[in-house]
Amino acid sequence: MKVLVVGANGQIGKLLIDKLKNDGKHTPIAMVRKQEQADAYADSGVETVMANLEDSVENLTEAVKGKDAIVFTAGSGGSTGADKTLLVDLDGAVKVMEAGEAAGVKRFVMVSALQANNRENWNEKLKSYYVAKHYADKALQDSSLNYTIVRPGGLLNDPGTGKVSVGEQLERGSVPREDVAAVIAASLEEEKTYKRAFDLVSGDSSVEDAVKSL
């Protein structure tokens, strides 16, 4: 499976590409915005495509063409304003969905945020981010794509434990980015995750058992 990672220069994106490259099951392709990012991936033997989430849908369609799956793990980052959050986390995500549909890509995995589906549970300090994630997720669910929406809790840079908890409505919690990448990789071909959205925090189940339990 050729997997296009959108947000390949982000922390989860880098971990996911390393995992996919090393597990031998899938071929990761990194979508990057800058030539130096493309050069760095090329040096490690990873194929890249150059595209920007503020490009047109037509340009993004060219970037996703020929891929079997798309993982959207891009974000505007905590240092930008609400306007950039809307352009990247919402409109950028929806444009990639439209591009995927236009290019005939069937599989789409979205990295969202814990309880983004429930307005009453949004983090007030990150409200514009939650609004963007909420509506991007809804657009994905309304699309023709075979989606999985992963809603991780607070993201940690700790080493992954390989032990997680998944479910429709989990209490606030945190999870290492490495474990998020592992859940994405495990979800790509796991039918139990098809057309499903779920919260993700650290827990007691192995990643494989967790995704099979959905």
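The nearest pair of heavy atoms linking Pro176 to Asp158 is CB-O, 3.3 Å. Residues Leu170 and Ser165 approach most closely at CD1-O, 3.4 Å, considering heavy atoms. Nearest approach of Val180 to Pro152, heavy atoms of both residues: CG2-CB, 3.9 Å. For the residue pair Asn121 and Arg172, the shortest heavy atom distance occurs at O-NH2, 3.4 Å. Considering all non-hydrogen atoms of both residues, Ser206 and Lys163 come closest at N-CD, 4.1 Å. Nearest approach of Leu200 to Val164, heavy atoms of both residues: CD1-CB, 3.7 Å.
Using a 4.5 Å heavy-atom cutoff, the side chains of Tyr194 and Arg107 are in contact. Put simply, the side chain of Leu53 does not reach to within 4.5 Å of the side chain of Lys95, judged on heavy atoms. Within the 4.5 Å cutoff, side-chain heavy atoms of Leu188 are placed close to those of Val3. Val6 has its side chain out of reach of Val64: every pair of non-hydrogen atoms, C-beta onward, lies at least 4.5 Å apart. Contact check for Met110 versus Val150: no side-chain heavy atoms found under the 4.5 Å cut-off. Proximity of Lys2 to Ile29: side-chain heavy atoms (C-beta onward) are separated by under 4.5 Å at one or more points. Inter-residue side-chain proximity for Lys14 and Asn9 is flagged as met; some heavy-atom pair is nearer than 4.5 Å. A 4.5 Å side-chain heavy-atom check between Phe108 and Val71 finds every atom pair outside the cut-off.
The structure places CG of Asp39 at 13.0 Å from NZ of Lys34, a figure rounded to the nearest 0.5 Å. Note that CG of Leu86 and OH of Tyr135 are 11.5 Å apart. Values are rounded to the nearest 0.5 Å. Taken from CG in Asp18 to CD in Glu178, the straight-line distance is 9.5 Å, to the nearest 0.5 Å. Of the inter-residue distances, the one linking Met97 atom CE with Ser143 atom OG reads 7.0 Å to the nearest 0.5 angstrom. Residue Met31 holds its CE atom at 11.5 Å from OG1 of Thr48, rounded to the nearest 0.5 Å. To the nearest 0.5 angstrom, Thr85 atom OG1 is 7.5 Å from Asp83 atom CG.
Criterion: ILVMFWY side-chain heavy atoms under 4.5 Å apart, direct or through other members. Under it, Ile184 and Leu145 are not part of a common hydrophobic cluster. Both Ile149 and Ile70 sit in one connected hydrophobic cluster of ILVMFWY residues. Membership requires side-chain heavy atoms under 4.5 Å apart, directly or through other members. Under the 4.5 Å side-chain heavy-atom criterion for ILVMFWY residues, a single connected hydrophobic cluster contains both Met50 and Tyr41. Under the 4.5 Å side-chain contact rule for hydrophobic residues, Val111 and Leu20 share a cluster. The cluster map of Ile, Leu, Val, Met, Phe, Trp and Tyr, joined by side-chain heavy atoms under 4.5 Å apart, puts Leu4 and Ile17 in different clusters.
Using a 3.5 Å distance cut-off with no hydrogens or angles, the side chains of Asp137 and Gln141 do not pair a donor with an acceptor. Side-chain contact annotation: Asp199 with Gln169, donor-acceptor N/O pair under 3.5 Å absent. Between the side chains of Thr161 and Asp179, at least one donor N or O sits under 3.5 Å from an acceptor N or O.
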Test log, rule side chain to side chain donor-acceptor pair (under 3.5 Å), inputs Asn59 and Glu62: CA-CA 5 Å; Asn59 285 353; Glu62 287 302 311; over 6 Å; no

Might you work through the side chain to side chain contact (heavy atoms under 4.5 Å, CB included) test for Tyr129 and Asn123, ending with a clear yes or no? CA-CA 9 Å; Tyr129 174 73; Asn123 185 330; over 6 Å; no

Checking Arg177 against Asn157 for the side chain to side chain donor-acceptor pair (under 3.5 Å) test, could you report, in this order, the C-alpha distance in whole Å, the side-chain angles of both residues, the deciding distance, and whether it holds? CA-CA 6 Å; Arg177 286 178 170 87; Asn157 286 328; 2.8 Å; yes

Kindly determine whether Ser174 and Val201 satisfy side chain to side chain contact (heavy atoms under 4.5 Å, CB included), including the steps that lead there. CA-CA 5 Å; Ser174 55; Val201 296; over 6 Å; no

Worked check of side chain to side chain contact (heavy atoms under 4.5 Å, CB included) between Leu214 and Val166: CA-CA 8 Å; Leu214 289 162; Val166 300; 3.8 Å; yes

Working for salt bridge (Lys or Arg N to Asp or Glu O under 4.0 Å), residues Lys84 and Glu54: CA-CA 10 Å; Lys84 206 67 166 176; Glu54 294 182 51; 2.7 Å; yes

Pair Asn146-Lys195, side chain to side chain contact (heavy atoms under 4.5 Å, CB included): steps then yes or no: CA-CA 6 Å; Asn146 179 11; Lys195 303 277 186 173; 4.1 Å; yes

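Ring geometry for His134 against Trp122 counts as perpendicular: the plane angle is over 60°, on a 0 to 90° scale with 30° as the lower cut.
Within a 6.0 Å sphere centred on CD of Glu191, heavy atoms belonging to other residues, nucleotides or ligands number 12 at most.
Judged purely by atom type and a 3.5 angstrom limit, Thr193 uses its side chain to pair as donor or acceptor with the backbone of Ser187. A donor-acceptor pair is defined here as one N or O able to donate and one able to accept, closer than 3.5 Å; such a pair exists between the side chain of Lys67 and the backbone of Ala63.
Ion pair Arg196/Glu190 not flagged as a salt bridge, since none of the NZ, NE, NH1 or NH2 atoms sits closer than 4.0 Å to an Asp/Glu carboxylate oxygen.
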